[in-house]
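Down below is the structure, laid out as structure tokens.
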Amino acid sequence: MTSATAISVDHTRRLLDAPPVEPVPGQLAVVDAPAPPAASVPAGLAAAFAKRTRETGDGHLAWTGRPTNGGGRFQHAGQAYTAFQAAFILGHGRLPAGSVRPSCGVPTCCSPAHVDDQSTRQRDRAALAAITGMQHRAPTCDHDQAAHGRHRADGRRYCNACNNPPSDGCAHGNPQCGAQPVRPYPCGPRCDDHQPARTRPYSTAA
């Protein structure tokens with residue numbers, strides 16, 4: 001892949017001002033993610049977030065709260081947030097749809113301008129595949145790709161159901177949480193609310 005093709009999704013988003021790419025018949029479909037839940041920014045969240053972050057001087061935002069490694073977590077007004085979730089709410093004024101991650105290439109950056117959720121990632125990755133003319137192999141599984149089709153960061157498509165087989169649910173606690181969806185970790189499957197504090201989000205998820 002040439003350097004021109006391997007442009008970052010973050011840059012692609014800035015170049016594109018268009019609606020999501022329509023699904024192509026016979027190929028893995030662009031995910032039609034559920035509409036993100038509307039929500040106003042909770043009162044005081046910006047101040048609580050600012051107390052736990054600092055600017056790094058190169059345009060990114062570092063987490064200074066606890067835990068200091070991996071994804072930060074804190075509670076505000078009785079609600080638990082990860083640093084990425086709070087950053088997304090502050091930056092977009094709505095609750096995220098799916099997991100939230102940095103899009104700037106810095107795994108620990110929690111700048112509200114540098115994080116996106118699953119629906120935004122899939123839209124931008126589908127657009128990247130479209131503008132680069134990427135060709136995709138037909139799926140070899142029987143899963144409904146309208147529901148399970150995903151795009152990797154470079155635009156390639158894959159089946160999320162094949163990459164993340166079903167489990168018994170989140171294994172946190174006793175009795176176990178049991179929530180779905182989950183991601184595999186060394187300590188067992190965990191949902192987003194109970195992922196290990198010192199572990200970055202699972203890299204092959206959507």
Side-chain angles (χ1 to χ4, degrees), residues 28-39 41-42 45 48-49 52-53 63-92 94-103 106-110 112 114-123 125 139 141-153 157-206:
L28 294 176
V30 176
V31 174
D32 186 13
V41 177
L45 180 62
F49 180 78
R52 296 170 172 87
T53 58
W63 179 255
T64 60
R66 294 181 179 272
T68 56
N69 294 327
R73 294 175 181 274
F74 69 105
Q75 284 200 347
H76 173 69
Q79 176 66 45
Y81 298 92
T82 68
F84 298 151
Q85 289 170 343
F88 186 90
I89 294 172
L90 293 173
H92 297 265
R94 64 171 176 84
L95 296 177
S99 60
V100 183
R101 299 178 192 164
S103 60
V106 178
T108 57
C109 177
C110 54
H114 293 176
V115 296
D116 55 21
D117 63 355
Q118 177 176 314
S119 62
T120 306
R121 282 194 300 275
Q122 291 304 313
R123 180 200 68 191
R125 292 173 182 182
C141 64
D142 296 327
H143 296 121
D144 180 7
Q145 297 308 309
H148 300 293
R150 297 288 191 277
H151 290 262
R152 301 191 187 280
R157 288 172 174 156
Y158 71 97
C159 177
N160 189 55
C162 292
N163 275 33
N164 297 278
S167 69
D168 294 331
C170 176
H172 174 81
N174 185 18
Q176 293 184 353
C177 168
Q180 294 278 6
V182 296
R183 297 189 179 95
Y185 294 97
C187 57
R190 293 291 189 271
C191 64
D192 282 347
D193 289 338
H194 293 135
Q195 62 177 295
R198 295 181 179 273
T199 305
R200 288 189 298 167
Y202 187 48
S203 60
T204 63

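Only heavy atoms go into these numbers, but all of them, side chains included; no hydrogens, no water, no symmetry mates.
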query: Are any non-hydrogen side-chain atoms of Thr82 and Val100 less than 4.5 angstrom apart?
result: no
Non-hydrogen atoms of Ala83 and Phe49 that approach each other most closely: O-CE1, 3.5 Å
message: Is the shortest side-chain heavy-atom distance between Pro102 and Thr108 below 4.5 Å?
response: no
message: Can you list everything that forms a ring pair (Phe, Tyr, Trp, His ring centres under 6.0 Å) with Phe88? Sequence neighbours excluded, please.
response: His92
message: Looking at every non-hydrogen atom in both residues, tell me the closest pair between Val115 and Cys109 and how far apart they are.
response: CG1-O, 4.1 Å
- prompt: Tyr81: what forms a ring pair (Phe, Tyr, Trp, His ring centres under 6.0 Å) with it, not counting sequence neighbours?
  reply: Phe74
- line: Exactly one candidate in Gln85, Arg101, Arg94 meets side chain to side chain donor-acceptor pair (under 3.5 Å) with Asp117; the answer is Arg94
field: Closest approach of Val182 to Pro189 (non-hydrogen atoms, all atoms of both residues)
entry: CG2-CB, 3.8 Å
task: Using side chain to side chain contact (heavy atoms under 4.5 Å, CB included) as the criterion, list what pairs up with His194, not counting sequence neighbours.
output: Cys170, His172, Cys177, Arg190, Cys191
- prompt: Does Thr53 reach the main-chain N or O of Trp63 with its side chain, forming a donor-acceptor pair under 3.5 Å?
  reply: no
- request: Could you tell me whether the side chain of Arg121 and the main chain of Ser99 form a donor-acceptor pair under 3.5 Å?
  value: yes
field: ring pair (Phe, Tyr, Trp, His ring centres under 6.0 Å) partners of His76, counting only residues at least two apart
entry: none
field: Test side-chain contact (heavy atoms from CB on, under 4.5 Å) applied to Arg150 and Arg125, step by step
entry: CA-CA 9 Å; Arg150 297 288 191 277; Arg125 292 173 182 182; over 6 Å; no
- prompt: Can you name the closest pair of heavy atoms from Phe84 and Pro107 and give their distance?
  reply: CZ-O, 3.4 Å
query: So which heavy atom on His143 is nearest to which on Cys159, and how close?
result: ND1-SG, 3.4 Å
